[in-house]
Amino acid sequence: MSADFDLVVVGGGPAALAAARAYRGAGGGGAVAIVADEKRMPYRRPPLTKELMRNEISEDELPLEDEEWCGTQRVALVAGRAVALDHAAHEVALSGGRRLTYDRCLLATGAEPKRLPVPGSDDPAVRVLRSLDDLRELQARLRWGAEAVVIGSGFIGCEIAASLRRRGHPVSLISDESSPNCRRLGEAAGERIAGWLRDEGVTLYLEAPVAGIERYGHQLHIAVGTDDVAAPVVIMATGVAPRSELLAGELTLRDGAVPVDSTLATALPDVLAAGDVCFAHNEAAGRPLHVEHWGDALGQGEIAGMTAAGRRAAWADVPGFWSTIGGRTLKYAAWGDGYDEARIEDGDDGAFSLWYGRDGQTVGVLAHNRDADYERGRDLIAQGARWS
């Protein structure tokens with residue numbers, strides 16, 4: 001019995017679309033399906049916390065392709081959520097009861113936001129932000145001028161806080177870090193980001209772990225030391241977890257992610273994984289890495305699509321991304337699995353570069369208004385250049 005599809009891509013994000021494009025571009029001529037549980041074409045997510053949240057662009061500017069592309073490329077967009085993957089039968093089961101058979105399957109399910117395991121985190125007014133529907137719900141709850149509390153000081157939390165301030169909302173940001181993003185980037189970068197947020201008018205509560213959230217009427221209250229921070233809406237930006245449940249019983253996961261080799265193939269026959277859901281071997285780094293970056297999801301999806309089409313391709317890019325906090329942009333490239341040395345170089349008008357080293361090699365660069373350093377840094381990291 002022939003399969004329904006030569007390639008079934010489970011997930012409707014950037015890795016999924018990139019895989020379908022690359023499969024066709026590499027000569028893959030078989031039937032392709034993208035199973036999208038958001039029931040829409042894959043779209044750009046980074047603007048959700050920036051331009052779209054600030055009403056600077058419209059929703060119709062988000063899709064990576066329109067539905068006409070599916071017709072011209074002979075790609076079926078299947079609206080539904082995959083609930084089981086039977087690799088022996090080469091079959092994916094959907095929530096509505098439909099089953100799709102495949103020759104090859106790509107898991108590109110991404111990740112989902114985590115909530116702190118504290119009382120009150122499941123209150124309906126405690127929101128997370130990962131999808132367009134999440135943003136729509138948040139905007140519905142935030143009438144003009146309503147206060148908001150953001151919990152978490154990673155890139156997403158900082159972007160949300162600055163964007164809501166630019167919309168006119170009073171915003172408080174609560175974090176257990178001593179400065180925003182300092183666990184990843186160090187105190188030198190964290191202090192600068194804290195200054196940017198204060199410039200935007202964000203009130204910071206740092207080194208303030210959240211023990212619980214309590215509702216009193218229309219307000220949610222969070223105890224922060226001797227202070228009581230209250231708002232009608234709380235946005236939790238406390239990290240994400242890979243959506244790897246389809247393979248959880250089939251493979252030994254790495255920190256919740258699906259292990260794959262540099263071609264994005266899993267240990268299961270004819271099953272690949274790409275994007276936030278995977279823990280992939282990087283040939284340039286010489287070790288497996290887990291990254292949660294938009295550009296890397298696109299790159300890994302492309303490699304997976306070529307692999308599915310029978311073409312040789314391997315992941316060897318230096319992971320990296322850009323973050324815009326208010327009106328300031330950071331560009332970051334790094335292997336992302338730690339450093340033991342850091343050096344900052346200041347430029348004019350607040351520009352700076354931060355260099356990261358480990359075991360005598362350059363392993364990361366963070367740049368603000370120093371694009372040449374960012375580009376040079378990516379090359380140095382890829383080359384394993386000596387730290388100096």
Side-chain angles (χ1 to χ4, degrees), residues 3-16 18-20 22-23 32-37 78 80-95 99-114 130 239-293 296-317 319 335-337:
D4 293 328
F5 296 96
D6 289 74
L7 175 63
V8 169
V9 183
V10 181
Y23 177 78
V32 177
I34 295 176
V35 179
D37 61 0
V78 179
R81 185 180 182 96
V83 295
L85 193 159
D86 184 338
H87 67 89
H90 280 53
E91 185 177 78
V92 176
L94 307 186
S95 57
R99 295 179 180 272
L100 308 178
T101 57
Y102 62 83
D103 287 332
R104 293 176 184 83
C105 178
L106 169 63
L107 193 67
T109 45
E112 59 186 357
K114 294 189 290 189
R130 183 73 172 179
V240 297
R243 285 183 49 193
S244 54
E245 62 273 9
L246 290 178
L247 295 180
E250 304 293 335
L251 294 170
T252 300
L253 304 180
R254 292 280 303 269
D255 296 327
V258 177
V260 295
D261 64 19
S262 61
T263 72
L264 285 301
T266 74
L268 300 175
D270 302 318
V271 178
L272 303 98
D276 292 6
V277 74
C278 78
F279 199 101
H281 186 85
N282 184 290
E283 291 199 349
R287 58 189 183 274
L289 304 170
H290 178 58
V291 296
E292 298 166 349
H293 310 329
D296 293 295
L298 286 168
Q300 289 182 351
E302 181 176 354
I303 291 161
M306 294 175 69
T307 299
R311 291 273 298 276
R312 168 64 186 173
W315 186 47
D317 294 335
W335 295 130
D337 54 356

Rounded to the nearest 0.5 Å, what separates atom [atom1] in [X] from atom [atom2] in [Y]?
{"X": "Ile303", "Y": "Asp317", "atom1": "CD1", "atom2": "CG", "answer": "6.0 Å"}
{"X": "Leu268", "Y": "Leu107", "atom1": "CG", "atom2": "CG", "answer": "10.5 Å"}
{"X": "Asp103", "Y": "Asp4", "atom1": "CG", "atom2": "CG", "answer": "10.0 Å"}
{"X": "Leu264", "Y": "Glu302", "atom1": "CG", "atom2": "CD", "answer": "11.0 Å"}
{"X": "Glu91", "Y": "Leu100", "atom1": "CD", "atom2": "CG", "answer": "8.5 Å"}

For this session: Would you mind telling me which of Asp6, Leu85, Val9 makes a side-chain contact (heavy atoms from CB on, under 4.5 Å) with Tyr102?
Result: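 For Tyr102, the side-chain contact (heavy atoms from CB on, under 4.5 Å) test succeeds with only one of Asp6, Leu85, Val9, which is Leu85.
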
Considering all heavy atoms of both residues, which atom of [X] and which atom of [Y] are nearest to each other, and what is their separation?
{"X": "Pro113", "Y": "Val240", "result": "CA-CG1, 3.9 Å"}
{"X": "Ala20", "Y": "Ile34", "result": "CB-CD1, 4.1 Å"}
{"X": "His293", "Y": "Pro319", "result": "CD2-CB, 3.9 Å"}
{"X": "Leu7", "Y": "Ala308", "result": "CD1-CB, 4.0 Å"}
{"X": "Val92", "Y": "Ala82", "result": "CG1-CB, 3.7 Å"}
{"X": "Val8", "Y": "Thr101", "result": "CG2-O, 4.2 Å"}

Problem set entry | Check against side-chain contact (heavy atoms from CB on, under 4.5 Å), Val260 and Gln300 | CA-CA 11 Å; Val260 295; Gln300 289 182 351; over 6 Å; no

For this session: Go through Leu106 and Tyr23 one step at a time and tell me if the side-chain contact (heavy atoms from CB on, under 4.5 Å) criterion holds.
Result: CA-CA 11 Å; Leu106 169 63; Tyr23 177 78; over 6 Å; no

Whether [X] side chain and [Y] backbone form a donor-acceptor pair below 3.5 Å:
{"X": "Thr109", "Y": "Gly11", "value": "no"}
{"X": "Ser262", "Y": "Glu283", "value": "no"}
{"X": "Arg311", "Y": "Ala309", "value": "no"}

Problem set entry | Electrostatic pair Arg99-Asp86, nearest N-O below 4.0 angstrom |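 Here Arg99 does not pair with Asp86 in a salt bridge, since their nearest N and O are not under 4.0 Å apart.
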
Exercise. Tell me, do Val258 and Pro242 make a side-chain contact under 4.5 Å, heavy atoms counted?
Worked result: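 Sidechains of Pro242 and Val258: no contact.
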
Mind listing the side-chain donor-acceptor pairs of residues 269-281 below 3.5 Å, one per line with the distance, residues two or more places apart or on another chain?
{"unit_1": "Asp270", "atom_1": "OD2", "unit_2": "His90", "atom_2": "NE2", "d": "2.8"}
{"unit_1": "Asp276", "atom_1": "OD2", "unit_2": "Arg130", "atom_2": "NH2", "d": "2.6"}

For this session: Begin from the C-alpha positions of Trp315 and Val291 and carry the test side-chain contact (heavy atoms from CB on, under 4.5 Å) through to its verdict.
Result: CA-CA 12 Å; Trp315 186 47; Val291 296; 4.2 Å; yes

In a table with atom names and distances, give each donor-acceptor pair under 3.5 Å that connects a side chain of residues 244-255 to protein atoms at least two apart or in another chain.
{"unit_1": "Ser244", "atom_1": "OG", "unit_2": "Gly256", "atom_2": "O", "d": "2.5"}
{"unit_1": "Glu250", "atom_1": "OE1", "unit_2": "His87", "atom_2": "NE2", "d": "3.1"}

